[in-house]
Amino acid sequence: MAAELTVHQLIATHRPTLDQALEAIRTRAYWSPHPEHPKAYGEHGSLDMAAGKAAFDALLGTRLDLGQPGTDGFVGGEVSPYGIELGVEYPHADVDVLLPAMKAGQKAWRNAGAEIRAVVCLEILKRISDRTHEFAHAVMHTSGQAFMMAFQAGGPHAQDRGLEAVAYAYVEQVRTPDTAEWTKPQGKRDPLALTKQFTPVPRGIGLVIGCNTFPTWNGYPGLFASLATGNAVLVKPHPRAVLPLALTVQVARDVLGEAGFDPNLVALTAERPGEGIAKTLATRPEIRIIDYTGSTEFGDWLEANARQAQVYTEKAGVNSVLVESAGDYKGMLANLAFSLSLYSGQMCTTPQNLLIPRDGIRTDEGPKTFDEVVADLGRSVDGLLGDDARANALLGAIVNPDVKARLETAAGLGEVALASREIANPEFPGAVVRTPVVVKLDGAKPDDEAAYMSECFGPVSFAVAVDSASDAVELLRRTIREKGAMTVGAYTTNDEVEQAVQEVCLEEAAQLSLNLVGGVYVNQTAAFSDFHGSGGNPAANAALCDGAFVANRFRVVEVRREA
C-alpha cells in the first residue's frame, strides 16, 4: 500500500469485513475471511508457497531490528524442533525507556475512536494474512507443528481469532453512545438539562506473554483485544517461539506508523537466556492488562501477584472423554484416534482421560469389553499413523525435551495398551517424532488416580476403567472441578447419560462435544462460533472470545456539561 493510510481508505477497505464479523458473532454461523488452503493465496498459489518459504529462509541468520526505543542489545538462540538453528536476533529492551515511549502514543490512539482502531487492526491482520505462507514456516519451526497445521492454525485460524477479538471489542465500546442529551422534568420549574459525553479509555499497557506451542493462535486474541480497546501492547514471546510474534509486531508497527499513529503502541521484548523477564514485567505499574497461556503454576502466580493488572489466563487442565456407548463405533474410534494424534497431543484441548466402564459398552457392532475398546482404539491409531509420511504430516515434532520425558515416563504408569514408536522424518532428520501412547489405568486405585488426575501434556492418554456410567459422570465432575478442562467429550446413545454429562458441564462450566464421528474433533474450535475455554473452571479464567474477554480492557469516562 502507499506510505500513508487515510482514515477513509481504511474504513472503505475494512468496514465491510468488520460488519461481517459482527454478524458472525451474532449468529454463530460459519464464516471466515481467511482461506484455509495454501493455494488460495495469490493468483498463483504454488508460487506463493515458494515465495513464502523463500521469505522465511531469508530471515534465518538475520537481525530483526524493529526500531524500538530503549533497545540495549539483541538476543536470539531459537532452535527449531525440526533441528534447524534459526539464528534470528531480536531487540532486547530497557523497559524503563520503552514503557514510557509506549504510553506516549495512547492519547491519540484513544481519541481515534472505536471504529478507526478496529479498521487499523484489520489492516494489520490483512497484511499478516498476505504473508501467511511465511508465517506458517515461522510457526512450524518454533512450535514443531507440521506444515499444514502451522499454516492453518498459525495462519487463518489465528487471524480469525484476532479478528473475532476486534469485533467483540468494537461491540462493547459502541454499546454506550458517544454523546447524550439528558433532560429531567422538574414540574413547574425549568427542567434540568445536561449534555453528556462518553469516552472509552484504555487501562494502560497490555502485556501478552506468548506460548511455545501456539504463538499466534494464543497470542492474537489478547493482542488485538487490547489494541482495539485503545491500549498499547507489549509482546513478550516464549524464548523458543519468538519469530512469529516478532514478525507480527513488525507488521503492526508499520501499519500504525502509516496510519499516522505512534508505532510504539506495539512493541516486542525478547529475553536473554534464563532472564525470566515475565515476572518483572507483570508487576510493573505501567502494565494494566496481562494475557497469558502456559503452565498452571505461573498462571496462578500471575493471578496472585499481578494485582495492578487485569489478568487473563489459559492454564492447564485434564480433558476427559466419557465413552458409555456408541452408535457409530468405527466413526468414534477414527475420530478419537485423530484427536489423540494431532500435533502429538501438544494441544491444551487434546483428550487425556478416556473414561470407560470396566464391564464394557454397547455399540452398533454389538457389546465391546473395556479391553476390546482400548485395543480397537490402538489399532485405529496404528492405522492412521501406519504410513510414515502421513504420520509426520499429522504428528509434527515434539516441541521440547519435557514432553519427550513425560511420554517415556507414562509407559511405566500402567499396562501399555498402545506403545509409542519413533518415526523418522526424512526432510528433517533432527526432528523428534513419536506416536501416542495409551496406558490402561483403574479408576478405583489411588495410585492410578495420581496419574490420571495430573495433566500429562503431550501424546499421552489414559484409558481409565470405571465401575459404571454414573461413576464416570462423577469422576468427570470431580476432574473438571479440581483440575479444570478446556474440552470435554462424550459418546453415548443413552438419553439419561447424555443429560447427566451435559448437566455436569453446565454446572462446572466446561465446553462439551457429543458423539463426534466425522471431520470435527473435540480439540478443534472455530472462531466466531465456538468458545475456547469457558473462564468458569480452573483450566482458564477467560474464554476466547466473549464480551467478558474485552469489556474490562477499557473503562467509560463521562464528561457532563450544562446544556
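Numbers here simply count residues along the sequence, with the first being 1.
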List the atom of [X], the atom of [Y], and the distance in Å for their closest heavy-atom pair.
{"X": "Ala169", "Y": "Ala228", "result": "CB-CB, 3.8 Å"}
{"X": "Met102", "Y": "Ala232", "result": "O-CB, 3.8 Å"}
{"X": "Asn335", "Y": "Gly518", "result": "ND2-O, 3.1 Å"}
{"X": "Ala158", "Y": "Thr216", "result": "CB-OG1, 3.6 Å"}
{"X": "Ala101", "Y": "Asn264", "result": "O-CB, 3.9 Å"}
{"X": "Ala118", "Y": "Tyr170", "result": "CB-CD1, 4.4 Å"}

With distance as the sole test, does [X] use its side chain to make a donor-acceptor pair with the main-chain N or O of [Y] at under 3.5 Å?
{"X": "Asn400", "Y": "Val403", "result": "yes"}
{"X": "Glu455", "Y": "Val318", "result": "no"}
{"X": "Gln352", "Y": "Val460", "result": "no"}
{"X": "Arg288", "Y": "Gln310", "result": "no"}
{"X": "Asn231", "Y": "Pro202", "result": "no"}
{"X": "Asn212", "Y": "His238", "result": "no"}
{"X": "Arg15", "Y": "Val119", "result": "no"}
{"X": "Asn218", "Y": "Gly210", "result": "no"}
{"X": "Thr142", "Y": "Val139", "result": "yes"}
{"X": "Ser129", "Y": "Leu125", "result": "no"}

* Structure fact -> Those residues at least two apart in sequence (or on a different chain) that pass ring-ring contact (aromatic ring centres under 6.0 Å, His included) with Tyr82 are His141, Phe428
* Intermediate values then yes/no, side-chain contact (heavy atoms from CB on, under 4.5 Å), Leu234 and Leu98 -> CA-CA 9 Å; Leu234 180 60; Leu98 180 58; 3.8 Å; yes
May I ask you to test the [X]-[Y] pair for a side-chain heavy-atom distance under 4.5 Å?
{"X": "Arg253", "Y": "Leu268", "result": "no"}
{"X": "Phe531", "Y": "Arg28", "result": "yes"}
{"X": "Val95", "Y": "Glu286", "result": "no"}
{"X": "Leu223", "Y": "Asp291", "result": "no"}
{"X": "Tyr41", "Y": "Pro156", "result": "yes"}
{"X": "Val120", "Y": "Leu10", "result": "yes"}
{"X": "Thr349", "Y": "Thr525", "result": "no"}
{"X": "Ser143", "Y": "Gln346", "result": "no"}

* The single option from Leu265, Val208, Leu207 passing side-chain contact (heavy atoms from CB on, under 4.5 Å) against Val233 ->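 Testing each of Leu265, Val208, Leu207 against Val233, the sole residue satisfying side-chain contact (heavy atoms from CB on, under 4.5 Å) is Val208.
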* To do: Scan Leu544, Thr293, Asp160 and name whichever one has a side-chain contact (heavy atoms from CB on, under 4.5 Å) with Trp217.
  =>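 Of Leu544, Thr293, Asp160, side-chain contact (heavy atoms from CB on, under 4.5 Å) with Trp217 is met by Leu544 alone.
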* Asked: Does CD in Glu23 sit with more than 12 non-hydrogen atoms of other residues, nucleotides or ligands closer than 6.0 Å?
  -> yes
* To do: Begin from the C-alpha positions of Glu123 and Glu258 and carry the test side-chain contact (heavy atoms from CB on, under 4.5 Å) through to its verdict.
  => CA-CA 11 Å; Glu123 175 67 19; Glu258 291 175 31; over 6 Å; no
Side-chain ion pair, [X] and [Y], N-O less than 4.0 Å:
{"X": "Asp96", "Y": "Arg284", "value": "yes"}
{"X": "Asp402", "Y": "Arg406", "value": "no"}
{"X": "Arg161", "Y": "Glu164", "value": "yes"}

Classify the side-chain pair [X]/[Y] by whether it contains a donor and acceptor separated by less than 3.5 Å.
{"X": "Tyr343", "Y": "Thr350", "result": "no"}
{"X": "Gln524", "Y": "His157", "result": "no"}
{"X": "Arg421", "Y": "Thr435", "result": "no"}
{"X": "Gln159", "Y": "Thr132", "result": "yes"}
{"X": "Glu303", "Y": "Tyr292", "result": "no"}

* Go through the steps for Gln173 and Glu115 under the test side-chain contact (heavy atoms from CB on, under 4.5 Å), then give the verdict. => CA-CA 9 Å; Gln173 289 174 98; Glu115 183 180 43; over 6 Å; no
* To do: With side-chain contact (heavy atoms from CB on, under 4.5 Å) as the test, would you mind laying out the steps for Leu336 and Ser380 before giving the verdict?
  => CA-CA 9 Å; Leu336 284 174; Ser380 189; over 6 Å; no
* Asked: Do Tyr168 and Phe549 pass the ring-ring contact (aromatic ring centres under 6.0 Å, His included) test, and can you show the C-alpha distance, the side-chain angles, and the key distance before you say yes or no?
  -> CA-CA 8 Å; Tyr168 271 99; Phe549 185 68; 9.0 Å; no
* To do: Mark yes or no: Arg553 above the aromatic ring of Tyr312, with NZ or CZ under 6.0 Å from the six-membered ring centre and no more than 45 degrees from the axis.
  =>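 Yes, Arg553 lies over the aromatic ring of Tyr312.
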Rounded to the nearest 0.5 Å, what's the gap from [atom1] on [X] to [atom2] on [Y]? Could you check?
{"X": "Gln250", "Y": "Leu66", "atom1": "CD", "atom2": "CG", "value": "6.0 Å"}
{"X": "Leu99", "Y": "Ile287", "atom1": "CG", "atom2": "CD1", "value": "5.5 Å"}
{"X": "Met347", "Y": "Asn523", "atom1": "CE", "atom2": "CG", "value": "4.5 Å"}

* Ring centroid separation Phe151 to His37 under 6.0 Å ->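 Not under 6.0 Å, so no.
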